[in-house]
Engineer: 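Dropping the structure in here first, questions after.
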Amino acid sequence: MPDHFFRVPGDFIRPGTLTAGGLQAQRDRFAADPEHYWRGLGDSLDWIHEYSQVKDVSFDRADFRIRWFYDGVLNVSANCIDRHLRTRADQTAIIFEGDDPGVSQHITYAQLSEAVNKRANLLKAHGVKKGDRVTIYMPMVPEAAYFMLACARVGAVHSVVFGGFSPDSIAGRILDCQSDIVITANEGLRGGKTIPLKANVDLALLQCPNVRHVLVVEHTPAHYLTHDGRDISVPKALESMSADCPPEPMNAEDPLFILYTSGSTGKPKGVLHTTAGYLAWAAYTHQTVFDYQDGDVYWCTADIGWVTGHSYVLYGPLANGGTTLMFEGVPNYPTVSRFWQVIDKHQVNIFYTAPTAIRALMRDGEAPVKASSRASLRLLGSVGEPINPEAWLWYHKVVGDSRCPIVDTWWQTETGGILISPVPGATPLKPGSATQPLPGVQPCLVDAEGKVLDGATEGNLCLTDSWPGQMRTVFGDHARFLETYFSTYPGMYFTGDGCRRDEDGYYWITGRVDDVLNVSGHRLGTAEVESALVAHSDVTEAAVVGYPHDIKGQGIWCYVTLKQGVEGTDALKVELRNWVRQEIGPIASPDVIQFAPGLPKTRSGKIMRRILRKIAEGDTSNLGDISTLADPSVVADLIEGAKGLG
Ligand code: 6R9
């Protein structure tokens, strides 16, 4: 793959776009006076009581603290709504595009204000107080946004559980954060199918006797079972609610939300984010990375159940007074042109999605994309996993008509917002690289012993100092927080990712370090091999894991999904093996190629390598929990297909 710069076309720059000079000025300001630089972010918020203290951080485990803007008082919903009403009451805040292409809705800031205030009063009427945890299990509809903001308005801590999770997963999360209110909808809609959200909650609550109330949004006409005294119909209850609920004054460090995320071990962790720092970072990064300006229509396809939905569907865009699109559906319903049709219908300027979606759409070729205009697009974004150069180039050329820059944004649930990313008017791009840290972000690469590595090198990605959007703790388990993130390399936050830094100072995330292979003493990123495989014209997707090998220590096992109509022959295996040797080198030569019609993925599209490793190791007696997979049935096929290969 070419390792050259893509320069952003000159006509991308508008008045107000951050250019190379402006970005460098920000970096210089940070270097000269960090506190003054951070104040610029704090001052972008609307405060009830101004803060005077900017930052109080120590990553030393004996004396640990992370506090930002910590003597200030503010409210997140007031920042996302009230402060815009004077100038933007009639501007669209949220565009809703339903699963059914015939359904869409524009919600103005004035309408958003009324909706959120009423729901905030509804929460209060059901006993929700500042600091209480509220579980939200909803489809991608405006009601989800209304209730998240209503929680913020009354000072309650929301815990959004992705609408694809099972009753058991819901129950585990409700119990872990001791939440006694659940908000759900009777049904969700995705790809023309209904999802029985309320019925799932009913099952979950068999394990959660502590839950007092379930507030039910009526999204479809379908009837649902009502447990008397516990379940409340939201539309009925709203009839008597006032549209005036004063925002609760919150300390900068009061919790805003909990979001559960999986680690490499144990049950999901409740990542806790607080009020001011999180919002300041979501707003700053949304504005800077997407060059968001007044009037832009911005669409992030992430579900509100993931951190990307929190920061870049909801909080960042609304803090900036933006117009954000919420899409209920899926990329291939009713047709594989759906994304591009939505872009034309709503004249979307900025489009932010995940590599897995792009690779899936690549399979169907260019025609479904080219059937749309996409003339409104000016910027494309990628998040969630390394984007292989092949997919990057397709995204750039086919979706973006070679016009639109791509921002490959690296971050995590734990980081609250983007940390490493191009700034599109300023940073020359390299396909597959998240490029450089944003101003104020201080990454470093360390070796296994914790030695900091300089220059062009490869190592484990850490952050040597805090940024405002950093998570503050694991809910209910601060010791686990310190253990997971601050013990591997004392004094630093360890991301769990491996990373290469090239001679231009560009960062290339190589994937989770738990996925690093050591083949004959050579270190190799699984993502590198995958990237090479998917660059082959017959391959759609690939997942690579290590397995024990008598001579090399670890061998390379490649699960490969072929394009439709391509036959998985032995000749093709030989060809792919040679292809990888050619793309990376002989050390990367695959030992096993297994053709796989489907890969085990979480519902957010991440490949579950843990399962693939077990299958490759021949250790299938204990695969662990596979219930969170989008399609658990692929596992049996893979076990069958693996027989006799290793
Ligand atoms: C935002 C989000 C975090 C992990 C992270 C890394 C991977 C995310 C990436 C990327 C390469 C990118 N990741 N963005 N890898 N390039 N642009 O996805 O949060 O679900 O917590 O996942 O995803 O491995 O550590 P989360």
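Atoms within a ligand are numbered from 1 in the order they appear, just like the ligands themselves. Each residue takes its place number in the sequence, starting with 1.
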Engineer: Side chains of Tyr352 and Thr308: any donor to acceptor distance under 3.5 Å?
Structural biologist: no
Engineer: If you round to the nearest 0.5 Å, how far is OG of Ser311 from NE2 of His273?
Structural biologist: 6.5 Å
Engineer: Got an N/O contact under 3.5 Å between Thr409 and ligand 1?
Structural biologist: yes
Engineer: I want to know if ligand 1 touches Asp497 in the polar sense, i.e. an N/O pair below 3.5 angstrom.
Structural biologist: yes
Engineer: Look at atom 9 (C) of ligand 1 and find which of Glu414, Gln412, Glu385, Lys606 reaches it with the closest heavy atom.
Structural biologist: Glu385
Engineer: Within a distance under 4.0 Å of any heavy atom of Thr308, pick out the atoms of ligand 1 and give their elements.
Structural biologist: 1 (C)
Engineer: Taking it one step at a time, do Trp68 and Trp38 satisfy ring-ring contact (aromatic ring centres under 6.0 Å, His included)?
Structural biologist: CA-CA 9 Å; Trp68 285 90; Trp38 292 123; 5.0 Å; yes
Engineer: Counting only nitrogen or oxygen atoms and a 3.5 angstrom limit, does Asp408 reach ligand 1?
Structural biologist: yes
Engineer: Strictly under 6.0 Å, is that where the ring centroids of Trp467 and Tyr284 end up?
Structural biologist: no
Engineer: Would you call Gly384 a ligand 1 contact, heavy-atom distance under 4.0 Å?
Structural biologist: yes
Engineer: Among protein heavy atoms, which lies nearest atom 11 (C) of ligand 1, and at what distance?
Structural biologist: Pro386 N, 3.1 Å
Engineer: Parallel, tilted or perpendicular: which one describes the rings of Phe486 and Phe59, with boundaries at 30° and 60°?
Structural biologist: tilted
Engineer: For atom 26 (P) of ligand 1, what's the nearest protein heavy atom and its distance?
Structural biologist: Thr413 OG1, 3.6 Å
Engineer: Are Thr415 and Tyr493 close enough that a side-chain donor and a side-chain acceptor fall under 3.5 Å?
Structural biologist: no
Engineer: Considering only protein heavy atoms, which is closest to atom 4 (C) of ligand 1, and at what distance to one decimal place?
Structural biologist: Trp411 O, 4.2 Å
Engineer: Any atoms of ligand 1 less than 4.0 Å from a non-hydrogen atom of Val383? List them with their elements.
Structural biologist: 1 (C)
Engineer: Tell me, with the steps shown, if Tyr278 and His310 meet ring-ring contact (aromatic ring centres under 6.0 Å, His included).
Structural biologist: CA-CA 11 Å; Tyr278 169 80; His310 283 57; 7.8 Å; no
